[in-house]
Trainee: 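Dropping a structure here in structure tokens format, bear with me for questions.
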Amino acid sequence: MESSIGEIRDLYALLSLSNPDLIYLYKSRVAKQSIVAAKLVASNQKYQASTIITTVDNKEYEFALDLNSRTYRSKGNWIWVTHIEVTYPNETLLSMQINPRVIDIPYTGSKICAHWLFRNFEKELNETLDNQLT
């Protein structure tokens, strides 16, 4: 799958805010101008990133993402996840199939903590990044 420069820039900005250590592995595969543009997008944060989580029974739950928090609070919302999609602002940046498993939704206030959400799916995220940055 070939990604546009804008998609890569926004994906890099998203992950550099929420999980800089996850994106660091791919830094050498992203064009310098995309990294500079990602830093500008990240510093602006004009738009709200959100995620749609699909469960094993095909129900979709949409949440706003908190890209800056590194801590979360459990509300005991355990769900079986099969797919995650991240949008910013209205474009899909990331779409990941997940080997079905149960996760506790990592809340930070009324939003989802992107840092811990992505940590829950690090293997699938790495596979997706490999495909998008090829």
Side-chain angles (χ1 to χ4, degrees):
M1 173 169 117
E2 190 171 315
S3 298
S4 75
I5 291 173
E7 288 172 339
I8 290 172
R9 176 205 64 213
D10 291 345
L11 181 59
Y12 192 91
L14 174 83
L15 291 173
S16 67
L17 283 170
S18 62
N19 289 71
D21 50 327
L22 291 178
I23 197 68
Y24 183 77
L25 300 171
Y26 300 94
K27 190 174 184 175
S28 65
R29 293 169 55 188
V30 177
K32 297 289 183 216
Q33 64 268 25
S34 292
I35 293 173
V36 170
K39 288 179 181 181
L40 292 171
V41 168
S43 67
N44 185 5
Q45 289 192 50
K46 177 175 149 183
Y47 300 107
Q48 179 67 50
S50 64
T51 186
I52 298 171
I53 297 174
T54 306
T55 64
V56 292
D57 52 357
N58 281 334
K59 290 185 181 174
E60 291 184 347
Y61 298 94
E62 186 168 356
F63 301 98
L65 286 174
D66 183 323
L67 301 176
N68 299 311
S69 180
R70 299 294 185 267
T71 59
Y72 74 94
R73 182 173 69 92
S74 172
K75 293 184 181 180
N77 290 355
W78 294 85
I79 61 173
W80 280 92
V81 178
T82 59
H83 187 262
I84 290 183
E85 188 172 289
V86 176
T87 58
Y88 176 85
N90 293 319
E91 294 182 33
T92 299
L93 292 183
L94 187 63
S95 181
M96 296 187 299
Q97 284 300 120
I98 307 296
N99 290 329
R101 66 175 169 273
V102 176
I103 68 158
D104 184 17
I105 301 293
Y107 288 96
T108 180
S110 62
K111 297 180 180 179
I112 299 296
C113 177
H115 178 82
W116 287 105
L117 180 68
F118 295 147
R119 281 279 178 207
N120 283 327
F121 304 107
E122 190 170 345
K123 178 182 176 227
E124 290 89 350
L125 180 61
N126 283 329
E127 289 171 2
T128 302
L129 289 171
D130 274 339
N131 289 335
Q132 279 195 268
L133 296 175
T134 300

Trainee: Checking Asn68 against Thr108 for the side-chain contact (heavy atoms from CB on, under 4.5 Å) test, could you report, in this order, the C-alpha distance in whole Å, the side-chain angles of both residues, the deciding distance, and whether it holds?
Mentor: CA-CA 10 Å; Asn68 299 311; Thr108 180; over 6 Å; no

Trainee: Main chain of Thr87, side chain of Thr92: is a donor-acceptor contact present, judged purely on distance under 3.5 Å?
Mentor: no

Trainee: Give me the atom names and distance for the closest heavy-atom approach of Tyr12 to Lys27.
Mentor: OH-CG, 3.5 Å

Trainee: Can you give me the closest heavy-atom contact between Glu62 and Ser50, atom names plus distance?
Mentor: OE2-OG, 3.5 Å

Trainee: In Å and rounded to the nearest 0.5 Å, what is the CD to CG distance from Glu122 to Leu129?
Mentor: 10.5 Å

Trainee: Transitively linked via ILVMFWY side-chain contacts under 4.5 Å: Trp78 with Trp80?
Mentor: yes

Trainee: Rounded at 0.5 Å granularity, tell me how far CG in Leu94 sits from CD1 in Ile84.
Mentor: 8.0 Å

Trainee: Identify the two heavy atoms, one from Thr128 and one from Ser95, that lie closest to each other, and give their separation to 0.1 Å.
Mentor: CG2-O, 4.0 Å

Trainee: How many angstroms lie between atom CZ of Phe118 and atom OG1 of Thr51, to the nearest 0.5 angstrom?
Mentor: 6.5 Å

Trainee: Find out whether Tyr61 and Ile105 are in side-chain contact, i.e. whether some heavy atom of one side chain is under 4.5 Å from a heavy atom of the other.
Mentor: no

Trainee: What distance do Thr55 atom OG1 and Ile98 atom CD1 have between them, rounded to the nearest 0.5 Å?
Mentor: 13.0 Å

Trainee: Might you point out which heavy atoms bring Lys123 and Asn99 nearest each other, and give the distance in Å?
Mentor: NZ-ND2, 4.2 Å

Trainee: To the nearest 0.5 Å, tell me how far Gln48 CD sits from Asp66 CG.
Mentor: 8.0 Å

Trainee: Between Thr82 (side chain only) and Thr54 (backbone N and O only), is there a donor and an acceptor less than 3.5 Å apart?
Mentor: yes

Trainee: Locate the shortest heavy-atom distance separating Leu22 from Leu125; write the atom from each residue and the value.
Mentor: CD1-CD2, 3.6 Å

Trainee: Does Phe121 reach the side chain of Arg101, with side-chain heavy atoms less than 4.5 Å apart?
Mentor: yes

Trainee: Once you round to the nearest 0.5 Å, how far does CD1 of Ile52 lie from CD of Glu60?
Mentor: 5.5 Å

Trainee: Give a yes or no on whether Lys75 atom NZ has more than 12 heavy-atom contacts from other residues, nucleotides or ligands under 6.0 Å away.
Mentor: yes

Trainee: Below 30° counts as parallel, above 60° as perpendicular, anything between as tilted: where do the rings of Phe63 and Tyr107 land?
Mentor: perpendicular

Trainee: Would the distance check show the side chain of Asn19 and the main-chain N or O of His115 forming a donor-acceptor pair, the cut-off being under 3.5 Å?
Mentor: yes

Trainee: Checking side chain to side chain contact (heavy atoms under 4.5 Å, CB included) against Leu15, which of Leu67, Leu93, Ile23 comes through?
Mentor: Ile23

Trainee: So which atom in Cys113 and which in Tyr72 form the shortest heavy-atom distance, rounded to 0.1 Å?
Mentor: CB-CB, 3.9 Å

